[in-house]
Engineer: 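Have a look at this one.
Computed over heavy atoms, backbone and side chain alike; hydrogens, waters and symmetry mates excluded.
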Amino acid sequence: QLYLVESGGGLVQAGGSLRLSCVASGDTFTNYVMAWFREKSGEEREFVAAISRDDGRTLYGDSVKGRFAISRDNAENTVLFEMNRLKPEDTAVYYCAASRTRILRMTQPMYDNWGQGTQVTVSS
């Protein structure tokens, strides 16, 4: 079991940037692929980005490619999420998630450890 706590959300103007953090505790951090999902109001949760356990491979959803970047610091049990050139349609609750696997996946059921979420609001 991995316990996840997100931080860094807030209100930002369109075109601005935010940096989200997710700190993990519990099990061994490097046993887990880490990911970010988001849930817009009235919509289903969608995959945003994932990073492999220890070799830096990443996977992004089409809507954020080239604007967002996921990284991890295994020494600090932390996942970082840089969001640049934010758009109003990026407004959502962002969730950190972990999957005890080697495979990068976009599918939500593969992730069984979740944080409580952090709100990101982008004003136009």
Side-chain angles (χ1 to χ4, degrees):
Q1 181 78 23
L2 203 61
Y3 301 96
L4 306 173
V5 178
E6 304 98 333
S7 62
L11 174 64
V12 64
Q13 287 190 328
S17 299
L18 275 178
R19 188 190 207 194
L20 305 184
S21 297
C22 172
V23 178
S25 61
D27 200 354
T28 303
F29 185 58
T30 51
N31 285 341
Y32 292 82
V33 164
M34 300 300 297
W36 289 92
F37 286 76
R38 67 185 181 186
E39 189 171 321
K40 301 178 184 180
S41 181
E43 299 184 16
E44 293 187 354
R45 198 170 295 186
E46 67 169 330
F47 171 82
V48 182
I51 187 165
S52 61
R53 304 195 309 184
D54 54 15
D55 62 4
R57 288 176 295 122
T58 56
L59 185 65
Y60 292 95
D62 288 342
S63 62
V64 305
K65 282 180 183 176
R67 298 189 298 124
F68 293 6
I70 187 172
S71 61
R72 65 190 291 164
D73 183 340
N74 287 340
E76 298 293 331
N77 289 1
T78 299
V79 182
L80 300 174
F81 198 45
E82 298 279 353
M83 303 187 294
N84 301 307
R85 304 200 310 275
L86 282 159
K87 304 175 182 179
E89 52 263 43
D90 293 318
T91 294
V93 178
Y94 284 73
Y95 295 90
C96 179
S99 176
R100 206 174 193 279
T101 177
R102 290 188 175 274
I103 301 170
L104 291 178
R105 293 194 187 276
M106 295 182 176
T107 51
Q108 192 178 158
M110 294 299 298
Y111 294 87
D112 50 11
N113 299 268
W114 292 86
Q116 81 287 351
T118 185
Q119 176 71 47
V120 171
T121 303
V122 185
S123 63
S124 58

Engineer: When clusters are formed by joining ILVMFWY residues with side-chain heavy atoms under 4.5 Å apart, either directly or through shared neighbours, do Leu59 and Leu80 land in the same one?
Structural biologist: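 Looking at the clustering, Leu80 is in a separate group from Leu59.
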Engineer: Who passes side chain to side chain contact (heavy atoms under 4.5 Å, CB included) against Ser25, sequence neighbours left out?
Structural biologist: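 Side chain to side chain contact (heavy atoms under 4.5 Å, CB included) list for Ser25, sorted by chain: Tyr3.
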Engineer: Take Ser63 and Arg38 through the side chain to side chain contact (heavy atoms under 4.5 Å, CB included) test and state the conclusion after the steps.
Structural biologist: CA-CA 12 Å; Ser63 62; Arg38 67 185 181 186; 3.2 Å; yes
Engineer: Go through the steps for Asn74 and Asp54 under the test side chain to side chain contact (heavy atoms under 4.5 Å, CB included), then give the verdict.
Structural biologist: CA-CA 8 Å; Asn74 287 340; Asp54 54 15; 4.3 Å; yes
Engineer: To the nearest 0.5 Å, what is the distance between CD on Gln108 and OH on Tyr95?
Structural biologist: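 OH of Tyr95 is found 9.5 Å from CD of Gln108.
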Engineer: Could you measure the distance from the OG1 atom of Thr91 to the CD atom of Gln119? Nearest 0.5 Å is fine.
Structural biologist: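 Output value for this atom pair is 7.0 Å.
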Engineer: For residues 100-107, please give each side-chain donor-acceptor pair under 3.5 Å, one per line with the distance, not counting sequence neighbours.
Structural biologist:
residue, atom, partner, partner atom, Å
Arg100, NE, Asp27, OD2, 3.2
Thr101, OG1, Ile103, N, 3.1

Engineer: When you group the ILVMFWY residues by side-chain heavy-atom contacts below 4.5 Å and let the links chain together, are Val93 and Val23 in the same group?
Structural biologist: no
Engineer: Considering non-hydrogen atoms only, spot the tightest contact between Ala35 and Phe37 and give its length.
Structural biologist: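 Residues Ala35 and Phe37, closest heavy atoms: CB-CE1, 3.9 Å.
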Engineer: Do Arg45 and Trp114 have side chains that approach each other closer than 4.5 Å (heavy atoms only, starting at C-beta)?
Structural biologist: yes
Engineer: With rounding to the nearest 0.5 Å, note down the distance linking SG in Cys22 to CZ in Arg72.
Structural biologist: 10.0 Å
Engineer: Checking Glu89 now: which residues fulfil salt bridge (charged side-chain N to carboxylate O under 4.0 Å, His left out) with it, not counting sequence neighbours?
Structural biologist: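 For Glu89 there are no salt bridge (charged side-chain N to carboxylate O under 4.0 Å, His left out) partners, ignoring immediate neighbours.
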Engineer: Considering non-hydrogen atoms only, spot the tightest contact between Asp112 and Ser99 and give its length.
Structural biologist: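 Nearest heavy atoms, Asp112 then Ser99: OD1-CA, 4.5 Å.
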Engineer: Can you see which heavy atom on Ser124 is nearest to which on Ala14, and at what distance?
Structural biologist: CA-CB, 4.3 Å
Engineer: Starting from Tyr94 and following side-chain heavy-atom contacts under 4.5 Å between hydrophobic residues (I, L, V, M, F, W, Y), which residues can be reached?
Structural biologist: Leu2, Leu4, Val12, Leu18, Leu20, Phe29, Tyr32, Met34, Trp36, Val48, Ile51, Tyr60, Val64, Phe68, Ile70, Val79, Phe81, Met83, Leu86, Val120, Val122
Engineer: Sorted by first residue and then second, give each salt bridge (Lys or Arg N to Asp or Glu O under 4.0 Å) pair with at least one member in residues 6-24; sequence neighbours left out.
Structural biologist: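 Only Arg19-Glu82 qualify under salt bridge (Lys or Arg N to Asp or Glu O under 4.0 Å).
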Engineer: Using the test salt bridge (charged side-chain N to carboxylate O under 4.0 Å, His left out), find all partners of Arg67 that sit at least two apart in sequence or belong to another chain.
Structural biologist: Asp90
Engineer: Going through the distances and angles, do Asn113 and Gln1 end up as a side chain to side chain contact (heavy atoms under 4.5 Å, CB included)?
Structural biologist: CA-CA 7 Å; Asn113 299 268; Gln1 181 78 23; 3.5 Å; yes
Engineer: Does CD belonging to Glu44 count more than 12 external heavy atoms closer than 6.0 Å?
Structural biologist: no
